[in-house]
S.K.: 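Sharing a structure below in structure tokens format, with a few things to ask.
This is a predicted model, so every value here is computed, not measured.
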There are 2 protein chains.
Amino acid sequence: MATLEEKTDIAVDGDTISGTFVTPGTLVPGVLLVHGWGGSQAQYLLRAREIASLGCICLTFDLRGHAQTRARYFETVTREQNMQDVLAAYDLLARRPHVDPNAIAVVGSSYGGYLAAILASMRPVKWLGLRAPALYIDDGWDSPKLQLHKDYDLQGYRQAFVPAEANRALRAVQRFEGDVLLVESQHDAIIPAMVLRSYREASKHARSLTYRCIAGADHGLTKQADQKAYQTLLVNWLSEMLFGARGPQTTASTEPEVALLPAQPETTPKAAV
Amino acid sequence: MATLEEKTDIAVDGDTISGTFVTPGTLVPGVLLVHGWGGSQAQYLLRAREIASLGCICLTFDLRGHAQTRARYFETVTREQNMQDVLAAYDLLARRPHVDPNAIAVVGSSYGGYLAAILASMRPVKWLGLRAPALYIDDGWDSPKLQLHKDYDLQGYRQAFVPAEANRALRAVQRFEGDVLLVESQHDAIIPAMVLRSYREASKHARSLTYRCIAGADHGLTKQADQKAYQTLLVNWLSEMLFGARGPQTTASTEPEVALLPAQPETTPKAAV
């Protein structure tokens, strides 16, 4: 069996000696989890735990403008900056010992789904999971994200079908040849069904497509049962993708099979996303 | 399955965002490898690779006075300082994610075997592997290690049987209730057979004792076949200890079963140890 080696410094008596960890060379899939606007890594932590227990190494993180960096960046952070955040997190995950860089899943919600879609055109991604992915006009890439809602009629933009060629995230999805999970919230006041349709039609080259609508759910999955439903969808999809075991398909109307986990809304339902 | 969480900082654009790795909670045995006087971690690297491929996490390291810190410490380093090195390395290994702190093996050669034996009285050690372990008078614990050879008749001390009560390393072995591997070199000009006898008789409370003499071998295992024989003994012993599979016992006279690995003498055969 191949092994991995990792140099390490060992602190002793105010000095440092050199050491080497040698570990089994087992490679496992990596899963990057990208929260939405107004959210934080904490929302994906419960999901990460369940996904890790499938045998994956997960990374969840706070986009700039959120959690610790909220005060410094919330008003000014641009899509370009948050894209750099996602790329930095991806690269950290991909080069972590034991992560198979050829078996990386990226999962994002809302604004995080939009960024995850674009990531798939910039880094090797095998599995792409998008829940209520947001959609923005390409213009203003370097404008503050908050400013986009003032400069553009995003609500209008999202009400109309957008052809894949006309949008950076949709172009990325159109070129993506891995497996896609798309999850819609039936009563999403932020991301209308038409946005999901644009993503769905863009997924024409995906090796497999799993499209689900969570009945009765709002954008932020404020109801605990909807959190559970998404968790079940996500874990079952990843489990099938990772292990290739084509068990019975789970739909949103199926009773969730995972243990009940405390729910936390992802975004304020009415927050601008 | 339980999972492990590990906070991480992600560098981006000269700033830092916060992330969390979530990984499968699998625990595996840890193996600490301690080189002898005049040696370095490099000697144990080949062994560490084979041991890691059994499914263990190994740590090998440079004692102060060796490799990068040779110039600064070689003349002055004391047993107390090297003991602190071993403790620091042990603690780093024991708290590393995925290492089971209740399943740690310590393996040492010569001076490293002496330190490993003492470690077993200071930290939880389940398996103790000693190859040609050295023996020193307890006095002068804080004297430079090199000075011991001038201040004491170590050769004389090692020619006589030493009762366990009269020596710190032997007392540690006497109290040790785990599994012990003792490996002698038949033609060891540095560590006479009597030292091995002292260690062997001290191992009276060991749960199991595996005592082997490598026929024709010198102290530093300068012959490649002797390196191979030790490698085989060590890997077979650890494999039996870890997996409890009581396969056929390997002796030094048995044809080694492992693949041929490039050999590197551990110490200059005539070096003072």
Side-chain angles (χ1 to χ4, degrees), chain A residues 1-5 8-13 15-26 28 30-31 33 40-42 44-45 47-64 66-69 72-73 81-82 84-89 91-93 96 98-99, chain B residues 1-5 8-13 15-26 28 31-33 40-42 44-45 47-64 66-69 72-73 81-82 84-89 91-93 96 98-99:
Chain A
M1 191 213 282
T3 55
L4 299 174
E5 282 167 40
T8 184
D9 286 331
I10 305 172
V12 60
D13 291 345
D15 213 324
T16 298
I17 54 178
S18 165
T20 308
F21 278 110
V22 187
T23 60
T26 328
V28 300
V31 180
L33 304 154
S40 78
Q41 60 173 317
Y44 261 112
L45 214 45
R47 292 168 198 155
R49 287 183 193 132
E50 195 173 356
I51 294 165
S53 77
L54 296 176
C56 303
I57 294 179
C58 298
L59 177 60
T60 174
F61 63 101
D62 296 319
L63 291 166
R64 267 180 290 177
H66 299 77
Q68 296 96 318
T69 65
R72 260 187 304 150
Y73 282 104
Q81 289 176 311
N82 283 150
Q84 292 303 320
D85 297 342
V86 174
L87 287 165
D91 292 340
L92 185 70
L93 176 65
R96 183 179 165 100
H98 304 292
V99 168
Chain B
M1 189 213 285
T3 55
L4 299 175
E5 282 168 39
T8 184
D9 286 331
I10 305 172
V12 59
D13 291 346
D15 213 324
T16 298
I17 54 178
S18 166
T20 308
F21 277 109
V22 186
T23 60
T26 327
V28 300
V31 181
L32 184 67
L33 303 154
S40 78
Q41 60 173 317
Y44 262 111
L45 214 46
R47 291 170 200 154
R49 287 183 192 132
E50 195 173 357
I51 294 165
S53 77
L54 297 175
C56 303
I57 294 179
C58 299
L59 177 60
T60 174
F61 63 101
D62 297 318
L63 291 167
R64 268 181 289 177
H66 299 78
Q68 295 96 321
T69 65
R72 262 187 304 150
Y73 282 104
Q81 289 176 310
N82 283 150
Q84 292 303 321
D85 297 341
V86 175
L87 288 164
D91 292 340
L92 185 70
L93 177 65
R96 183 179 165 102
H98 305 292
V99 168

S.K.: Counting heavy-atom pairs under 4.5 Å to chain A, which of B:Thr20, B:Thr16, B:Thr3, B:Asp62 comes out on top?
M.R.: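 Option with the top pair count is B:Thr20.
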S.K.: Mind checking what makes side chain to side chain contact (heavy atoms under 4.5 Å, CB included) contact with B:Gln84, not counting sequence neighbours?
M.R.: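 B:Gln84 satisfies side chain to side chain contact (heavy atoms under 4.5 Å, CB included) with A:Val12, A:Asp13, B:Arg64, B:Glu80, B:Leu87 only.
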S.K.: Please look at A:Thr23 and chain B and tell me whether the side chain, the backbone, both or neither of the residue comes under 4.5 angstrom of a heavy atom of that chain.
M.R.: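 Answer is both: backbone and side chain atoms of A:Thr23 are under 4.5 Å from chain B.
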S.K.: Using non-hydrogen atoms and a 4.5 Å limit, figure out which bit of B:Leu4 sits close to chain A: side chain, backbone, both or neither.
M.R.: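 Neither part.
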S.K.: So for A:Ala11, is it side chain, backbone, both, or neither that comes closer than 4.5 Å to the heavy atoms of chain B?
M.R.: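 Looking at A:Ala11, just its backbone touches chain B.
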S.K.: Looking at A:Leu45, A:Asp91, A:Leu63, A:Leu33, which has the largest count of heavy-atom pairs under 4.5 Å with chain B?
M.R.: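 Among the listed options, the one with the most contacts to chain B is A:Leu45.
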S.K.: Does any backbone or side-chain atom of B:Thr8 lie under 4.5 Å from a heavy atom of chain A? Answer side chain, backbone, both or neither.
M.R.: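 Contact with chain A: side chain only.
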S.K.: Any chance you could measure A:Phe21, atom CZ, to B:Arg96, atom CZ, to the nearest 0.5 Å?
M.R.: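 So the gap between those two atoms works out to 5.0 Å.
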S.K.: Between B:His98, B:Arg72, B:His66, which has the largest tally of heavy atom pairs under 4.5 Å with chain A?
M.R.: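 Most heavy-atom pairs under 4.5 Å with chain A: B:Arg72.
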S.K.: Which value, rounded to the nearest 0.5 Å, describes the distance between A:Thr60 atom OG1 and A:Ile51 atom CD1?
M.R.: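 Here the rounded value is 9.5 Å.
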S.K.: Output the option from B:Ser18, B:Ser53, B:Ala48, B:Ala88 having the highest count of non-hydrogen pairs under 4.5 Å with chain A.
M.R.: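 Of the candidates given, the most pairs with chain A belong to B:Ser18.
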S.K.: Between B:Cys56 and A:Pro24, which heavy-atom pair has the shortest distance, and what is it?
M.R.: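 Taking every non-hydrogen atom into account, O-CD, 3.1 Å.
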S.K.: With B:Ala89, which residues qualify under side chain to side chain contact (heavy atoms under 4.5 Å, CB included), at least two apart?
M.R.: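 B:Ala89 satisfies side chain to side chain contact (heavy atoms under 4.5 Å, CB included) with A:Ile10, B:Leu32, B:Leu59, B:Phe61 only.
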